[in-house]
Amino acid sequence: IAKYKPTDATTNPSLIYAAAKMPAYKSLVDAAVSYAKENASTPEDQLELALDRLAVNFGIEILKEVPGRVSTEVDARLSYDLEGSLAKAHRYIKMYEEAGISKDRVLIKLAATWEGIKACEILEKEGIHCNMTLIFNFAQAVACAEVGATLISPFVGRIFDYYKQQDGVEGYSKLEDPGVVSVTSIYNYYKKHGYNTIVMGASFRNTNQIEGLAGVDFLTISPGLLEKLKNSEAPLEKILSVEAAQALDIPKIHVTEPYYRWALNEDAMSTLKLSEGIRNFGKDT
C-alpha cells in the first residue's frame, strides 16, 4: 500500500487470515487478543471479539497509508443474518470511533445476499457507508443501488474463472471477457439512471480485464497487477464514460425480493460463485 499509494484499500477474511500469519503483523494479533481478554469473559466471546478487533486493527494501520477509506468485512457467516450483520457493523464502527477514526473513513463490507442488501439499506440511512461485495448478477447490483449502497464490488475474475472452465478456453478478448461484460452492463445502467453508487471492479486475473474497464468509477487491483500496469508503456484507451452510458437505451427495473431470488436461481454462475465466496470467506474467518 505504501509503495503504490492508492486512494482507498479493502480487506476481506482471506487477506486478513494471510496477513495475520506473517511475523510482521504479530503485534496486531497480540493487541487483538489482549483487547478481547480485557473486554469479554467466555472463550467464545473472546474469540469473536479478537477476530473483530483484528479486522479493525488492520483497518487502522491501512488508514495510516491511504487518504480515503478502508473496507472492513462483516463475518461471512452472517451473510443471511440481518440482525447479526447490523450488530457486527455497529461494533466495527464503535471500535474505529474509539480509535479516533470517523465512520466516514470506513466502508462496512457485506455480501450482497438479500439479507446483506437489507442490512445495507438500514446502515446507509444511519450514515454508515457500505461496500457490497460478492456481486456476480445484475439483479444484485440493481438492488444495491436501489437501497443507496455507497459502493459495490462486482467480481470480474471469478466470473471469468467460471466461464473459462465452462467454455474450455484459455481466455477472451478484452471487451468480450464475461467479467468485463458484467461490470460494463452495471456501470452503464447506473449512469443511465442516475444512481450515485460507486462501481468498483474487483478480483482481476490479468491486466486486459483492467484495461477493458478503463473509465469505470473505481478499481481494486492487486500489487502484482499494479506492477505490470506500472511497467507497461502501451496506450490506455478510455472504454467507459457517463456520456456514452446515458446515450444508451436501457430500461429501468425494480428489484423486489422475489425478483432477486429468481434472478439468482436462473443464473447458475452467480448462485455458485456467491455461495462459494461466502463459504470460503467463512472458512478463513
Side-chain angles (χ1 to χ4, degrees), residues 8-18 48 51-52 54-56 58-59 69-93 106-124 126 128-159 161-162 179 182-183 186 197-203 218 220 255-257 259-265 267-285:
D8 305 289
T10 185
T11 65
N12 65 43
S14 299
L15 295 173
I16 294 291
Y17 176 58
E48 180 183 358
L51 291 172
D52 292 346
L54 181 60
V56 171
F58 272 107
R69 297 181 286 204
V70 67
S71 292
T72 299
E73 189 154 352
V74 166
D75 188 333
R77 294 168 296 183
L78 299 173
S79 295
Y80 301 99
D81 182 346
L82 172 59
E83 295 302 324
S85 294
L86 292 172
K88 190 71 72 177
H90 290 143
R91 173 182 277 185
Y92 285 157
I93 293 299
V106 179
L107 290 171
I108 296 298
K109 202 171 180 183
L110 296 155
T113 58
W114 185 256
E115 293 79 7
I117 292 168
K118 300 314 286 183
C120 168
E121 182 175 27
I122 294 168
L123 292 169
E124 291 283 357
E126 296 175 351
I128 296 173
H129 303 298
C130 298
N131 171 354
M132 302 306 293
T133 192
L134 293 174
I135 289 182
F136 305 99
N137 182 276
F138 187 73
Q140 286 179 290
V142 174
C144 290
E146 289 186 327
V147 301
T150 296
L151 181 149
I152 65 165
S153 297
F155 278 29
V156 176
R158 297 192 194 187
I159 296 175
D161 294 343
Y162 178 89
S182 176
V183 177
I186 293 167
T197 299
I198 296 164
V199 180
M200 183 173 75
S203 172
F218 285 13
T220 178
V255 177
T256 61
E257 182 176 357
Y259 186 110
Y260 170 95
R261 296 198 184 281
W262 184 252
L264 262 70
N265 181 75
D267 184 347
M269 178 277 296
S270 297
T271 299
L272 172 66
K273 289 300 178 181
L274 175 59
S275 59
E276 182 180 81
I278 290 170
R279 281 196 304 273
N280 289 337
F281 282 159
K283 289 175 185 175
D284 287 341
T285 301

Could you tell me which non-hydrogen atom of [X] sits nearest to which non-hydrogen atom of [Y], and how far apart they are?
{"X": "His90", "Y": "Ile128", "result": "CD2-CD1, 3.7 Å"}
{"X": "Thr256", "Y": "Trp114", "result": "C-CH2, 3.6 Å"}
{"X": "Asn12", "Y": "Leu15", "result": "OD1-N, 2.8 Å"}
{"X": "Ala111", "Y": "Leu134", "result": "CB-CD1, 4.0 Å"}
{"X": "Ala112", "Y": "Ile117", "result": "O-CD1, 3.9 Å"}
{"X": "Thr285", "Y": "Pro13", "result": "OG1-CB, 3.4 Å"}

Electrostatic pair Lys118:Glu146 at N-O distance under 4.0 angstrom: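 No, Lys118 and Glu146 are not salt-bridged.
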Got a salt bridge between Glu276 and Lys273, using NZ or NE/NH1/NH2 to carboxylate O under 4.0 Å? yes
What pairs with [X] under ring pair (Phe, Tyr, Trp, His ring centres under 6.0 Å), at least two apart in sequence or on another chain?
{"X": "Tyr162", "answer": "none"}
{"X": "Phe58", "answer": "Tyr25"}
{"X": "Phe136", "answer": "Phe155"}

Contact between [X] and [Y] at the side-chain level, heavy atoms closer than 4.5 Å - yes or no?
{"X": "Val156", "Y": "Ser203", "value": "no"}
{"X": "Ser85", "Y": "Leu110", "value": "yes"}
{"X": "Met132", "Y": "Val147", "value": "no"}
{"X": "Ile135", "Y": "Cys144", "value": "yes"}
{"X": "Thr113", "Y": "Ile278", "value": "yes"}

With side-chain contact (heavy atoms from CB on, under 4.5 Å) as the test, would you mind laying out the steps for Phe138 and Ser182 before giving the verdict? CA-CA 7 Å; Phe138 187 73; Ser182 176; over 6 Å; no
Identify, with sequence neighbours excluded, every residue that meets side chain to side chain contact (heavy atoms under 4.5 Å, CB included) alongside Ala89.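 Checked Ala89 against side chain to side chain contact (heavy atoms under 4.5 Å, CB included); matches are Ile108, Leu123.
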Quick one: [atom1] on [X] to [atom2] on [Y], what's the gap to the nearest 0.5 Å?
{"X": "Cys130", "Y": "Ile122", "atom1": "SG", "atom2": "CD1", "result": "10.0 Å"}
{"X": "Lys88", "Y": "Leu78", "atom1": "NZ", "atom2": "CG", "result": "6.0 Å"}
{"X": "Asn265", "Y": "Ser270", "atom1": "CG", "atom2": "OG", "result": "11.5 Å"}
{"X": "Leu107", "Y": "Tyr92", "atom1": "CG", "atom2": "OH", "result": "13.5 Å"}

Pair listing, side-chain hydrogen bond (donor to acceptor under 3.5 Å, both in side chains) test, anchored in residues 73-84, at least two apart: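 Passing the test, one end in residues 73-84: Asp75-Arg77.
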Any pair with a residue in residues 133-144 that passes side-chain hydrogen bond (donor to acceptor under 3.5 Å, both in side chains), sequence neighbours left out, goes on the list, sorted by first then second residue, please. Asn137-Asp267
With Lys109, which of Thr11, Thr10, Asn131 fulfils side chain to side chain donor-acceptor pair (under 3.5 Å)?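 Exactly one candidate clears the test, Thr10.
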Under 3.5 Å, is there a donor-acceptor pair between the side chain of Thr197 and the main chain of Ala149? yes
Given 3.5 Å as the limit, does a donor-acceptor pair link the side chain of Ser14 with the main chain of Phe281, or not?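 Flag not set: sc Ser14 to bb Phe281 has no pair under 3.5 Å.
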